[in-house]
Amino acid sequence: MMVRDGPSTSSAPPHHERRKEESVCPEGRLRSREAASRRRVSKDIPTRRDEDFRYADLAALAPLWPVEPERFVLEAEEEAGLAIIHTGADPVVREIELDLAAGAKFALHLLNAGSAYGRFVIKAQLGAGAEFHLGAAQLGSAGQVLEVVSEVTHAAPDAISRQVVRSVAGGKATVNYLGKVLVKPGADGTDGEQSVRSMLLTRTATANNRPELEIHADDVKCAHGCAVGELDANALFYMAQRGLPPEEAKKLMLQAFVAEAFVGAADGDALLEQATAALEAIL
Amino acid sequence: MTMLQISNLHATVADKPILKGLSLMINAGEVHAIMGPNGAGKSTLGYTLGGRPGYEVTDGSVTFAGQDLLALEPHERAAAGLFLGFQYPVEIPGVSFVQFLRESLNAQRKSRGEKPLSGGEFLKLAREKAALLRMDIEMLKRPVNLGFSGGEKKRAEMVQMGILDPKLAILDETDSGLDIDALRIVGEGINAVMRKPDKAVLLITHYQRLLDYVKPDFVHVLAGGRIVRTGGPELALELEERGYEAVAA
Ligand SMILES: Nc1ncnc2c1ncn2[C@@H]1O[C@H](COP(=O)(O)OP(=O)(O)OP(=O)(O)O)[C@@H](O)[C@H]1O
Ligand SMILES: [Mg+2]
């Protein structure tokens with residue numbers, strides 16, 4: 001299923017569309033529950049002292065607070081996916097809660113490329129042998145803050161989580177990833193991976209990446225990689241020497257960079273197309 | 001017709017003077033070879049002509065096909081017909097050769113007021129040039145130079161030269177890393193693409209072996225940032241026999 005945020009953004013539960021050709025998203029069995037009834041978030045607006053809001057745009061957050069989580073519950077062996085494309089001009093703050101029972105699989109793909117504050121909080125609870133995949137790309141070039149905050153809890157043995165986050169920041173943009181993988185006691189055989197890379201296009205752009213691990217089980221395989229870099233100057237000259245103007249060369253390289261977040265996505269083409277349009281606006 | 005005229009070129013890298021008054025003239029239809037000791041400034045010459053950031057011209061002038069080369073951006077120099085075969089070709093993850101070269105060629109064509117090639121037209125051209133260098137076209141569907149062996153990278157440089165069809169090719173140690181058969185194939189490829197009355201080649205090399213296939217009209221010795229000696233093809237043989245110190249001193 002694909003969720004598109006228009007300019008009038010909201011935190012409404014995503015609209016589900018049935019798709020014939022896809023086995024990834026049997027939405028008929030996927031429930032999105034009204035979250036209001038189980039809201040447990042405080043009504044107090046967070047401050048910088050709250051670790052998860054350390055780099056947030058609190059002024060943009062205030063009018064959208066509190067945020068009602070959108071909750072997805074997958075039963076045993078269920079498979080589903082969600083693609084969120086946000087390219088609007090209004091601030092957006094969303095919180096997605098995922099509860100995966102044993103053997104369930106969920107793939108979440110996100111393009112966070114609005115021109116104002118964009119905050120996506122993802123909380124996933126994984127049952128035995130469940131699989132969660134997050135592929136997120138963030139693209140900003142104004143002064144906006146774009147962030148992914150994730151908390152993946154391996155609550156039972158042998159679950160797999162993979163997070164791939166690729167962020168590009170130009171202008172005075174700030175791109176953040178605050179991601180915690182929590183492996184609970186008894187969740188032996190956990191396999192968790194966080195691959196986080198940011199590309200800064202200007203000296204005034206900022207990236208904050210904080211992959212975190214908290215492990216209370218045995219035989220756990222957790223890997224995290226995290227890097228902040230700039231476009232490879234050697235590659236840019238090489239491409240220019242073949243006749244490619246700098247903006248085109250940068251676009252090709254950034255497309256490839258961002259595409260890493262959408263590998264295997266059911267809506268990969270649409271995501272990449274929108275990401276490319278967003279890149280063109282940046283360059 | 002004069003293709004390239006370099007006069008009294010001075011250039012620095014990281015504020016360090018490397019080229020110190022280099023002059024060289026290349027006419028259309030000619031093949032020149034530059035030889036010289038390690039660190040002499042041969043690659044620096046290529047990069048400076050290509051316009052690589054960080055290579056600063058502090059004095060002198062360069063005219064290429066009637067234009068002030070140094071006034072052009074790197075991609076404009078390429079579109080004007082300058083090709084640089086890299087001593088160390090760069091790997092670009094996630095970007096395929098086919099996409100990269102098609103966009104590069106079309107950018108060049110656009111700046112010359114020519115129509116862009118369609119995907120099909122480009123593939124036909126790429127296939128033809130790959131075949132000339134005996135390279136499997138499938139390799140061009142891979143990311144640029146990624147995982148290519150040293151020799152494959154050099155061969156891919158020549159395929160790119162064939163596709164882009166430049167006026168002047170500066171080939172920086174294209175022969176290093178090539179096996180015996182590949183050396184012959186590359187040599188023949190250079191002749192096929194560049195041995196034409198309206199084109200010229202500047203070969204940077206340490207060895208005679210490539211010059212057996214691509215016969216130079218002139219051989220220059222670059223040492224200490226300048227051309228210190230110029231001769232005919234026999235100079236390369238003399239250098240090989242007696243070394244730089246004896247010949248260029
Ligand atoms: N970034 C840099 N900072 C300082 N010195 C540099 C830099 N790049 C190149 N040089 C120096 O410039 C000089 C010329 O280098 P260049 O690569 O042009 O030599 P070359 O003639 O191509 O040598 P080789 O035959 O080994 O390829 C060398 O002394 C090198 O160390
Ligand atoms: Mg060199």
Side-chain angles (χ1 to χ4, degrees), chain A residues 111 135-137 139 164-168 195-199 201-203 225 227-265 268-269 271-273 275-280 283, chain B residues 46-55 72-112 114 116 143-146 153 156-157 159-161 163-166 169-170 172:
Chain A
L111 173 62
L139 310 173
V164 180
V165 181
R166 297 289 178 263
S167 304
V168 179
S195 162
V196 184
R197 289 175 62 198
S198 306
M199 200 72 91
L201 303 182
T202 55
R203 301 247 170 253
V228 179
E230 297 171 14
L231 285 171
D232 178 4
N234 290 332
L236 288 175
F237 175 63
Y238 187 75
M239 297 171 109
Q241 210 303 303
R242 299 303 185 242
L244 210 57
E247 321 79 61
E248 295 294 315
K250 286 179 189 168
K251 192 177 107 186
L252 274 189
M253 290 179 70
L254 290 174
Q255 258 178 336
F257 176 72
V258 163
E260 291 173 3
F262 302 141
V263 171
D269 288 348
L271 284 158
L272 208 53
E273 199 177 297
T276 301
L279 275 177
E280 276 164 3
L283 294 169
Chain B
Y47 289 144
T48 304
L49 295 178
R52 184 177 183 145
Y55 289 69
L72 303 177
E73 295 294 320
H75 67 282
E76 295 169 337
R77 300 181 191 197
L82 180 73
F83 179 87
L84 192 58
F86 283 57
Q87 184 174 359
Y88 304 108
V90 182
E91 301 187 353
I92 310 175
V95 179
S96 82
F97 258 126
V98 167
Q99 186 185 17
F100 160 55
L101 287 173
R102 185 180 157 209
E103 292 198 17
S104 299
L105 177 60
N106 280 339
Q108 286 200 24
R109 292 176 64 91
K110 189 175 170 193
S111 77
R112 295 192 293 254
E114 297 162 13
V144 176
N145 291 318
L146 205 70
K153 284 180 183 167
E157 290 288 286
V159 175
Q160 295 177 63
M161 181 178 76
I163 290 170
L164 298 171
D165 196 27
I170 299 170
D172 193 354

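Naming: A, B, ... by sequence-line order, numbering from 1 per chain. Given the structure is predicted, the values throughout are model-derived calculations rather than measurements.
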Please flag which part of Gln160(B) lies under 4.5 Å from any non-hydrogen atom of chain A: side chain, backbone, both or neither. side chain
Short side-chain to backbone donor-acceptor contact, Arg112(B) and Ala79(B), under 3.5 Å: yes
Return yes if some donor-acceptor pair links the side-chain N/O of Arg197(A) with the main-chain N/O of Ala227(A) below 3.5 Å, else return no. no
Heavy-atom proximity to chain B below 4.5 Å, by part of Glu260(A): neither
Indicate yes or no: at least one non-hydrogen side-chain atom of Asn145(B) is less than 4.5 angstrom from one of Phe97(B). yes
Just give me the residue among Ala256(A), Gly243(A), Ala233(A) that pairs up with chain B most often, heavy atom to heavy atom, under 4.5 Å. Gly243(A)
Do Leu236(A) and Met253(A) have side chains that approach each other closer than 4.5 Å (heavy atoms only, starting at C-beta)? yes
Side chain, backbone, both or neither of Pro89(B) within contact of chain A (heavy atoms, under 4.5 Å): both
Report which part of Asn234(A) has an atom under 4.5 Å of a heavy atom belonging to chain B: side chain, backbone, both, or neither. both
Looking only at Val95(B), Leu84(B), Val144(B), the option with the highest number of non-hydrogen pairs under 4.5 Å against chain A is Leu84(B)
Beyond-backbone contact of Gln255(A) with Leu272(A), side-chain heavy atoms, under 4.5 angstrom: no
Does any backbone or side-chain atom of Ala235(A) lie under 4.5 Å from a heavy atom of chain B? Answer side chain, backbone, both or neither. both
Heavy atoms only, distances under 4.5 angstrom: which of Tyr47(B), Tyr88(B), Phe83(B) has the most pairs with chain A? Name it, please. Phe83(B)
Looking at Phe237(A), is its backbone amide N or carbonyl O close enough to the side chain of Arg52(B) to form a donor-acceptor pair, meaning the two atoms are under 3.5 Å apart? no
Sub-3.5 Å donor-acceptor pair from the side chain of Gln108(B) to the main-chain atoms of His75(B), do we have one? no
Just give me the residue among Ser104(B), Ala80(B), Pro53(B), Ser111(B) that pairs up with chain A most often, heavy atom to heavy atom, under 4.5 Å. Ser104(B)
Region of Asn106(B) in contact with chain A, defined by heavy-atom distances below 4.5 Å: neither
